[in-house]
Amino acid sequence: MRLNLFWKLALTFLTLLLVALIGVDISAERALRRDSERAVMEQLKAIAGVGQAQAPVLSSLPPSKSEEIDGLHAWIKRMQASGARVTVITQQGLVLADSQSDPQTMENHAKRPEVIDALAQGTGHSIRHSVTINSDLLYYAVRQQTAAEQPVLLRFALPLETVTSVVSDFRNTLWLASISLLMILGGVTLLVSRSFTNRVDRLTVFSKRVAEGDFHAEPTGSSGDALDSLGASLNQTAARLNETIRTLTEERNLSSAILGSMVEGVAVVNAGERVLFSNPSFASILGLDVPPRPGSGLVEVVRQTELIEAVRKVLAGEPRVESEIVTGTLRQHFFAATIAAVRATEANGAVIVLHDITDLRKLERVRRDFVANVSHEFRTPLTAIQGFSETLLAGAMNDPQNRDRFLKIIVEHSRRLARLTEDLLMLSKMDADRLELEIRKLPVEQLITSCIETAQPRAKEKDLRLSVNLGKNIPEIAGDRRRLTEVLQNLIDNAIQYTPAGGQIMVSAEARDSEVVITVSDTGIGIPEADQSRIFERFYRVDVARSREVGGTGLGLSIAKHLMEAHGGKLWVESEVGNGSQFHFSVPVFDAERPGPRSRTNGRSN
Ligand code: ADP
């Protein structure tokens, strides 16, 4: 059976108390008995002294003379008055006379210890139970010289009844006092043990609470003893633990918030190729339906062998490996994977960081395509110019009819080259953020009318009806006159180019909230839906041959879109093949407080 602390303490104290009290009682009783017996002894010695002084004269042993016998009996009688039993014994143990019994009936006393001692040393004593008087007796014997040749032994005895009763009384009182003391001290012991165990129990509960994560302070006592200071230091420990855990939790929350919101995919792998941690981006980059559970194997999670190989290299000891991985088949995504070794105390591992470089790769592709496109665009007019110039030099110069035709072709291609160069220059300015816009207050009507006037002859030439439809109360807009004219002119030119003879082109304007939307609609060939989002890309044409034929560069809409974005507006298209197209662009209404969105372009587009 396991005893709790209270019973252990209480029983230990009570046992100690009991043992101490019993020890004290027994030794006190012994001391009392010893003292009392010593007093009786002293009394016996005094009686013996008197007895010896008055001892009768014996000339023979046993006495034969009648006066000696009478003298002996008289002496015994006298001595009996002292209350002691008196016995006279010969050296051989023969009882000559006794104050209480008939010597004839008494056995030989030679073997009695007090007799042996007295014969040897002069005196002797012993305590024995006397059957004759049924009581403990203290015997004291002295050797007495006689007139006969041999000495006799005078033996005096006093009962120890009084000693026994005194000791018994004392014992009763002592035990009573001891039991009372035991009860009082036992009660106090129980109270002290109870209070002590209660305090220890409280501290135990408190430390369990701390172990379970409850750090509320426990009130400590004011006695200032060891238990109080233990409580105080437990409180301090709990407060410090609380602080540490709070700091760690905050740090952990911060780290997981950072890792969670990162666009880069991050994962940590241990030496056994098990994924210990991964952030949401990691799963989404690799196209995983569910985020990897901590502890799942890397090969079960990742399908890209180059990534697994890179991780293995790092786990094998390389400090850092960089590789590129491609995900997806239709829409490819490119990721730069950096795998670095993690040196932890227990075991090594690797941290994987996946960085999306799809845009970079796309941009690289766009640049490559752009250079190819530019070279291609330049090659056609240059080849033509070169070819016709060489033909002229080779003799065609002398043929007036062909010479004029060839020279016209050379001029046309030179213009095309000039247009291309101009457009490219404009794009490069916009890319480099160097395009200055002079934002002013502009009346919409004026802008549209001037462009219509410029385009009218060409429309007529192609038998197209060019009209204007202005809504009422069109506010003035904030824009750069030259640039907006370029945009509108470009849209009207395209409409003329891509609308067959007999068609209609209309330029309209309407106010919408804080902007004005200008629309160029035609009844031309229209644009297939798949191409509608791409016609704003550089060099993109729906029908390359036709565009070239009409002298287009494929850059017009791309430049126009850039310019509109620089104005804080937009350019978009609605079209249906065979039913014509509507190109819309929005320009902010002029506001005296805010004269323009920005003074130069910084937009990037295709
Ligand atoms: P381009 O110099 O070839 O006209 P743009 O950038 O101005 O270059 O136009 C891109 C392409 O968009 C054109 O090649 C043409 O295919 C198409 N497009 C532009 N405007 C129209 C229109 N009004 N109707 C039909 N197609 C058009």
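Order of appearance sets the numbers: ligands from 1, and atoms from 1 within every ligand.
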Would you please say whether a donor-acceptor pair under 3.5 Å links the side chains of His584 and Thr519? yes
Counting from 1, what ligand 1 atoms have a heavy atom of Thr553 closer than 4.0 Å? 2 (O)
Under the salt bridge (Lys or Arg N to Asp or Glu O under 4.0 Å) rule, what pairs show up with a residue in residues 456-467, not counting sequence neighbours? Arg458-Asp493
If the threshold is 4.0 Å, N to carboxylate O, is there a salt bridge linking Lys208 and Asp214? no
Whether Gly524 lies under 4.0 Å from ligand 1, heavy atom: no
Counting heavy atoms under 4.0 Å, the part of Ile527 that contacts ligand 1 is side chain
Salt-bridged, Arg534 to Glu537, with N to O below 4.0 Å? yes
What atoms in ligand 1 come closer than 4.0 Å to a heavy atom of Phe583? 20 (N), 21 (C), 22 (C), 23 (N)
Distance under 4.0 Å to a non-hydrogen atom of Leu557: what atoms of ligand 1 satisfy this? 5 (P), 6 (O), 7 (O), 9 (O), 10 (C), 12 (O), 19 (C)
Salt bridge check: are Glu324 and Arg361 linked by an N-O gap of less than 4.0 Å? yes
Interfacing atoms of ligand 1 (cut-off 4.0 Å, heavy-atom, Asp522): 22 (C), 23 (N)
Counting only heavy atoms closer than 4.0 Å, does ligand 1 sit against the backbone of Asp531, its side chain, both, or neither? neither
Ligand 1 to Asn490, heavy atom cutoff 4.0 Å, flagged ligand atoms 7 (O)
Looking at Gly554, which atoms of ligand 1 are within less than 4.0 Å of one of its heavy atoms? 1 (P), 2 (O), 3 (O), 6 (O), 8 (O)
Atoms of ligand 1, numbered as shown, that sit under 4.0 Å from any heavy atom of Tyr540: 10 (C), 11 (C)
Can you see whether Tyr498 engages Asp543 through a side-chain donor-acceptor pair at a distance of less than 3.5 angstrom? no
Salt bridge or not between Glu364 and Lys362? Use side-chain N to carboxylate O under 4.0 Å. no
Run the numbers for me: atoms of ligand 1, each under 4.0 Å from some heavy atom of Val542, listed by number. 14 (O), 16 (O)
